[in-house]
Engineer: 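Starting off with a structure, shown below.
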Amino acid sequence: MIYKKFQNLNLSALGMGTMRLPVIDGDDSRIDEAAAEKMAAYAIEHGVNYFDTAWGYHGGQSELVMGRILKKYPRDSFYLATKFPGYDLSNMDKVEEIFEKQLEKCQVEYFDFYLFHNVCEMNIDAYLDPKYGIYDYLTRQRKEGRIRHLGFSVHGSLDVMKRFLDAYGDAMEFCQIQLNYIDWSFQNGREKVALLDSYHIPVWVMEPLRGGRLARLSEAESAPLKEMRPEEPVPAWAFRFLQSIPSVTMILSGMSDLEQMKANIATFRTDAPLSGSEMDRLLAHAQDMVRKAGVPCTACHYCVSHCPQGLDIPGLLALYNEHAFTGGGFIAPMALSALPKDKWPSACLGCRSCEAVCPQQLKISEAMADFASRL
């Protein structure tokens, strides 16, 4: 296992995420605890020492199950991370109640790592509102030793991330972002990493395989990768890409079975970053994959001034591409939830005024209609 230095700690470069644990009969809230325990045991035996859970994972069961599993190991032999569930605005005034319950569920007296969870468009105002006391409470728990390291996770835009860092950046020790070779450009991953670098905040990675999408490439999609490194398994490319980014310290993978665990741990026996030419080819290939799944909008904004509904068409098309490439997911709906309904894709009249001035001759009205139907 490769290890990365974080302050005075040696963290396994691969962490076990517990959002996609094995379940019984397809029921996300019924974790197969015996199977999860075997996975954790294998992980620990092979050097993994970081475990990431959260209040809402598996319908609230992830913290309970991981608490029971990790209780069997010495407390100083692993690092445990969980998060304040700010993705649900009804939790904002319950930070103390939730934190105390999390300690109880996880059967620990402190958390090694604790995060403001899912900072995004719909909750940034509440996270920054002092009336909820979230920042004050969590920083106080750190001073008292019940949180050893405090950070945040982000699914929101670069602007949302900047607002959070402007307010709390000096107190943040790490940041967890969605990062992979698709999202390096697709979700402004490059710019997000650069922003964190400017604050000297190390990067924690979630969704390195984009929900498994990058482990299930088609034959045509995987061909350029096999040409460069014939011996490298397809999923390993996602991890090799991340090993090539200096500020990436922790890579979390939400593995669903023991075979995935074994394969990923095998990859992390070696540190094999990409060469410059491999990186260039991989990122060009990623852009080509996205282009084939979405609408090639260049965000020139000519369309916006011609829309009678005043829609942010480039912004909506970017979300449409996200939703189309992923085949669904929560990111687009989450971003739209911060907008009034009259600015959603369903507000498009289909008048095609935007298309009359589009230099790319995109079929915008059809994309809006498809987006609305997918949602």
Engineer: When you check the gap from the basic side-chain N to the acidic O, do E96 and R140 get nearer than 4.0 Å?
Structural biologist: no
Engineer: Is it the case that over 12 heavy atoms from other parts of the model lie below 6.0 angstrom from the NZ atom of K5?
Structural biologist: yes
Engineer: Indicate the atoms forming the closest heavy-atom contact of H323 with P333, along with that distance.
Structural biologist: CE1-CD, 3.9 Å
Engineer: Which residues pass the salt bridge (Lys or Arg N to Asp or Glu O under 4.0 Å) test with R352, sequence neighbours left out?
Structural biologist: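 Listed in chain order: E355.
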Engineer: If I compare all heavy atoms of A126 with all of L89, which pair ends up nearest, and what's the gap?
Structural biologist: CB-CD2, 4.2 Å
Engineer: State whether the side chain of S12 and the backbone N or O of N49 hold a donor-acceptor pair below 3.5 Å, judged by distance alone.
Structural biologist: yes
Engineer: Sub-3.5 Å donor-acceptor pair from the side chain of K343 to the main-chain atoms of Q309, do we have one?
Structural biologist: yes
Engineer: For residues 258-270, pull every pair meeting side chain to side chain donor-acceptor pair (under 3.5 Å), keeping only residues two or more places apart or in separate chains.
Structural biologist: R240-T270, S253-N264
Engineer: Would a distance-only check, ignoring hydrogens and angles, find a side-chain to backbone donor-acceptor pair under 3.5 Å from H58 to L21?
Structural biologist: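 Flag set: sc H58 to bb L21 pair under 3.5 Å.
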Engineer: If you take all heavy atoms of C348 and S365, which pair is closest and at what distance?
Structural biologist: SG-CA, 4.3 Å
Engineer: Tell me whether R146 is salt-bridged to E100, with the criterion being a basic N under 4.0 Å from an acidic carboxylate O.
Structural biologist: yes
Engineer: For the pair Y57 (side chain) and G17 (backbone), establish whether a donor and an acceptor sit closer than 3.5 Å, ignoring hydrogens and angles.
Structural biologist: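 No; judged by distance alone, with no hydrogens or angles, the pair does not exist.
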Engineer: Is the charged tip of K101 near the ring of W55: under 6.0 Å from the six-membered ring centre and within 45° of its axis?
Structural biologist: no
Engineer: Side-chain heavy atoms nearer than 4.5 Å, only ILVMFWY residues, links allowed to pass through others: does that put M279 and F186 together?
Structural biologist: yes
Engineer: What is the minimum heavy-atom distance between V95 and L138, and which atoms define it?
Structural biologist: CG2-CD2, 4.1 Å
Engineer: Are any of the side-chain nitrogens in D52 or K83 under 4.0 Å away from the carboxylate oxygens of its partner?
Structural biologist: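 K83 and D52: salt-bridged.
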Engineer: Using the test ring-ring contact (aromatic ring centres under 6.0 Å, His included), find all partners of W184 that sit at least two apart in sequence or belong to another chain.
Structural biologist: F241
Engineer: For the OH atom of Y181 and the CG atom of L214, what is their distance to the nearest 0.5 Å?
Structural biologist: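 Rounded to the nearest 0.5 Å, the OH-CG separation comes out at 4.0 Å.
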Engineer: Tell me if a side-chain donor or acceptor on D183 pairs with a main-chain N or O of N180 at a distance below 3.5 Å.
Structural biologist: no
Engineer: Would you call R20 and E207 a salt bridge, using N to O less than 4.0 angstrom?
Structural biologist: yes
Engineer: Verify the neighbour count for atom CG of D170: are there more than 12 heavy atoms of other residues, nucleotides or ligands below 6.0 Å?
Structural biologist: no
Engineer: Return yes if some donor-acceptor pair links the side-chain N/O of D112 with the main-chain N/O of R148 below 3.5 Å, else return no.
Structural biologist: no
Engineer: So which atom in L336 and which in L319 form the shortest heavy-atom distance, rounded to 0.1 Å?
Structural biologist: CD2-CD1, 3.9 Å
Engineer: Tell me which pairs pass ring-ring contact (aromatic ring centres under 6.0 Å, His included) where either residue lies in residues 4-39, with sequence neighbours left out.
Structural biologist: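 Residue pairs passing ring-ring contact (aromatic ring centres under 6.0 Å, His included), neighbours aside: F6-F113, F6-H149, F6-W204.
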Engineer: Return yes if some donor-acceptor pair links the side-chain N/O of D136 with the main-chain N/O of P130 below 3.5 Å, else return no.
Structural biologist: no
Engineer: Within this structure, what is the CZ-CG distance for the pair F84 and L150, rounded to the nearest 0.5 Å?
Structural biologist: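 Spacing of CZ (F84) from CG (L150) equals 12.5 Å.
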Engineer: Got a sec, which pairs hit side chain to side chain donor-acceptor pair (under 3.5 Å) with one end in residues 272-284, sequence neighbours left out?
Structural biologist: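 Only E227-R281, R229-E278, S275-S277, S275-E278 qualify under side chain to side chain donor-acceptor pair (under 3.5 Å).
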Engineer: Could you walk me through whether L165 and I201 pass side chain to side chain contact (heavy atoms under 4.5 Å, CB included), step by step?
Structural biologist: CA-CA 10 Å; L165 286 168; I201 294 175; 3.7 Å; yes
Engineer: Hey, is K162 close enough to D166 for a salt bridge, meaning N to O under 4.0 Å?
Structural biologist: no
Engineer: Yes or no on side chain to side chain contact (heavy atoms under 4.5 Å, CB included) for L64 and K105, after CA distance, side-chain angles and deciding distance?
Structural biologist: CA-CA 5 Å; L64 287 166; K105 289 172 71 178; 3.8 Å; yes
Engineer: Mind checking whether F99 and Y114 have ring centres under 6.0 Å apart?
Structural biologist: yes
Engineer: Does one hydrophobic cluster hold both M261 and Y50, with members joined at side-chain heavy-atom distances below 4.5 Å?
Structural biologist: no
Engineer: Donor-acceptor pair, N91 side chain versus K94 backbone, under 3.5 Å?
Structural biologist: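 No; judged by distance alone, with no hydrogens or angles, the pair does not exist.
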Engineer: Checking S157 against D159: is there a side-chain donor and acceptor pair closer than 3.5 Å?
Structural biologist: no
Engineer: What residues form a ring-ring contact (aromatic ring centres under 6.0 Å, His included) with Y320, not counting sequence neighbours?
Structural biologist: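 Per chain and number, Y320 pairs via ring-ring contact (aromatic ring centres under 6.0 Å, His included) with F371.
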Engineer: Working to the nearest 0.5 angstrom, can you tell me the gap between N10 CG and K4 NZ?
Structural biologist: 12.0 Å
Engineer: Given the rule in the side chain to side chain contact (heavy atoms under 4.5 Å, CB included) test, do L196 and M161 qualify, once you have shown the distances and angles that lead to the verdict?
Structural biologist: CA-CA 9 Å; L196 292 171; M161 196 169 168; 3.4 Å; yes
Engineer: Y135 and Y168: aromatic ring centres closer than 6.0 Å?
Structural biologist: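 Ring-ring flag for Y135/Y168: true, centres closer than 6.0 Å.
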Engineer: Are L316 and L311 close enough, and set up right, to give a side chain to side chain contact (heavy atoms under 4.5 Å, CB included), and what steps lead you there?
Structural biologist: CA-CA 8 Å; L316 291 175; L311 300 181; 4.1 Å; yes
Engineer: Got more than 12 heavy atoms from elsewhere within 6.0 Å of CD, E144?
Structural biologist: yes
Engineer: Is a side-chain N or O of Q243 found less than 3.5 angstrom from the main chain of A272, in a donor-acceptor match?
Structural biologist: yes
Engineer: Would you say R142's side chain and A171's backbone share a donor-acceptor pair under 3.5 angstrom?
Structural biologist: yes
Engineer: Has R75 got its NZ or CZ under 6.0 Å from the middle of the six-membered ring of Y110, at an angle within 45 degrees of the ring axis?
Structural biologist: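 Output yes; distance and angle both within limits.
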